Amino acid sequence: MSETDRGHHDIGGDAAGPVPREEHALAPWEKEVDAIRFLLGQKGLMPADKLRLGIEQLPAEDYRRLGYYERWLASIAWTMEKDGVIPRGSFAARVAELEAKR
Amino acid sequence: MPHDSPHPDEHDHAPDDPSFASRPAIGARALRELLEEAGVLAPGEVARQVERMDTITPALGARVIARAWVDPAFKAWLLADGSAAVRTFGVDMGATPLHVVENTETVHNMIVCTLCSCYPKPLLGIPPDWYKSVEYRARAVREPRAVLAEFGVRLPEGVAVRVHDSTADLRYLVLPRRPEGTEGWDEARLAQIVSRDCMIGTALPHA
Amino acid sequence: MSPRFAPGAAVRVARERPAVSRGRQHIRTPHYVRGLTGTVAEVVGPFRNPEGLAAGEDGLPMQVLYRVRFPLGAVWDRYGGDPSDTVDVELYEHWLEPAHAA
């Protein structure tokens, strides 16, 4: 099988260290992201496979660097813009706007 | 797989390096606001869903296991049609059928999603961080016994490990063996010894 | 829709992508079973094809999903566990072919 056909998320069998056992309680924003995806799925706007595709399309270095729900956020924002549910560029613009107000 | 620098006008490339990465809470708020403004989400809808999610914990799954331990007919139903059986506990598996796998004298089941983090959330709630980790996803199918040893599980002689890679539409629940020393216990008491990890396959219940 | 394979059937996972999956950005066949032979543990039933759903399509025609069992000793070189250890993987019918006895 050609190695280039393997997504960077397809990691079954890779060498890895001890399983990290420390658990963290989800932050409110993480729960919101989970809830948003669930609701979008219920409304037929974002089945789970679109979430997965968005995550799989992240550059490999982002996949490793970003936290779990950060990947979800990137995937949902990208997909919603790509599908025209929210205007293109609106996510980055809104983030900048909210950051400026902090 | 390398990605070229995206052209500014061409949107259908991979998602860009998100500037929100250092302030993800702002990103979540931006997304919610935009979706509300687009009329996709009603105000308060996300908050209500978060509240619903907060009510689902592994204790719910533990009650299902305890019922299966005391009621052979329920156990048979759970194994034959997991989604239908857990509906009696108010659990809606939605489009992902629940597949329950039974630990026996000769088989120990262990669940992983190597491709992402598929998990029976309507029954057990949010998965633990370790379940989503690169380390667990990579090693559970490669060296399950070594991973089990890290979790403190050593299996008796003659027990095979059966790993389930949750790659598609099913969601999995491990039905652990009822431990010795629990004879005569009622369901509530039995449920207390069923931890979340027992239902993923990385722990064994003890009296 | 009639499943092509019965429980107990020996099946081989496609090494290269099946024709309908070429060019798809999202697949659910993990790399580590590609080209391998396993045994059908269960015929799960028909589901919409996630490769299409991820692309915003309707995922039709549905594909029959199977749980296929592989001995871990056959999946990995120098598997360190028991010869009876296995992995069950959910695979869609279009990724499977009948395996011929060696």
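A note on names: the letters A, B, ... follow the listed sequences, proteins ahead of strands, and every chain is numbered from 1. Note that the structure is predicted; figures quoted are calculated from it, not measured.
- Neither the backbone nor the side chain of A:Glu30 comes within contact range of chain B; no heavy atoms are under 4.5 Å apart.
- Listed for the B:Arg171 side chain is no donor-acceptor partner under 3.5 Å among the backbone atoms of B:Cys118.
- Across B:Glu33, B:Arg52, B:Arg139, the residue that shares the most heavy-atom pairs under 4.5 angstrom with chain A is B:Arg139.
- The aromatic rings of A:Tyr68 and A:Trp72 lie tilted to each other, with the angle between the two planes from 30° to 60°.
- With a 4.5 angstrom heavy-atom cutoff, A:Lys43 touches chain B only via side-chain atoms.
- B:Arg178 places no side-chain N or O within 3.5 Å of a backbone atom of B:Leu190 that could act as its donor or acceptor partner.
- Residue A:Val33 touches chain B through its side chain alone, counting heavy-atom pairs closer than 4.5 Å.
- Using a 4.5 Å cut-off between heavy atoms, B:Val141 contacts chain A through its side chain alone, with no backbone atom that close.
- The main-chain N or O of A:Ile36 is never found under 3.5 Å from a side-chain atom of B:Gln49 such that the two would form a donor-acceptor pair.
- Of the charged side-chain nitrogens involved, none lies within less than 4.0 Å of a carboxylate oxygen, so that B:Glu150 and A:Arg21 do not count as a salt-bridged pair.
- Among pairs with a residue in residues 102-134 of chain B, those fulfilling ring-ring contact (aromatic ring centres under 6.0 Å, His included) read B:Tyr119-B:Tyr131, B:Trp130-B:Tyr136, B:Trp130-B:Phe151, B:Tyr131-B:Tyr136, at least two apart in sequence or across chains.
- Contact check for A:Trp29 versus B:Arg23: no side-chain heavy atoms found under the 4.5 Å cut-off.
- Taking A:Ser90, A:Ala93, A:Pro18 one by one and counting their heavy-atom pairs under 4.5 Å with chain B, the maximum is reached by A:Pro18.
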*asked:* Would A:Glu61 and A:Arg65 count as a salt bridge (Lys or Arg N to Asp or Glu O under 4.0 Å) here? Give the steps.
replied: CA-CA 6 Å; A:Glu61 56 272 17; A:Arg65 178 179 60 83; over 6 Å; no
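- Neither the backbone nor the side chain of B:Cys113 has a heavy atom closer than 4.5 Å to any heavy atom of chain A.
- Both the backbone and the side chain of B:Val50 come within less than 4.5 Å of a heavy atom in chain A.
- Two residues are said to be in side-chain contact when any heavy atoms from C-beta on lie closer than 4.5 Å; B:Leu173 and B:Ile65 meet this criterion.
- For residues 191-198 of chain B, a heavy-atom distance under 4.5 Å to chain A picks out B:Arg196, B:Asp197, given by residue number.
- Within the 4.5 Å cutoff, the side chain of B:Thr202 has no heavy atoms near those of the B:Val153 side chain.
- The pair A:Asp49-A:Arg52 meets the salt-bridge criterion, with a side-chain N (NZ, NE, NH1 or NH2) lying under 4.0 Å from an Asp/Glu carboxylate O.
- With a 4.5 Å cut-off on non-hydrogen atoms, B:Ile126 touches chain A through its side chain but not through its backbone.
- Using a 4.5 Å cut-off between heavy atoms, A:Leu51 does not touch chain B at all.
- Interface remark: B:Glu37 contributes side-chain atoms only to the contact with chain A (heavy atom separation under 4.5 Å).
- The shortest non-hydrogen separation linking A:Phe91 to B:Ala30 is CE1-CB, 4.1 Å.
- Residue B:Asp165: no heavy atom, backbone or side chain, is found under 4.5 Å from chain A.
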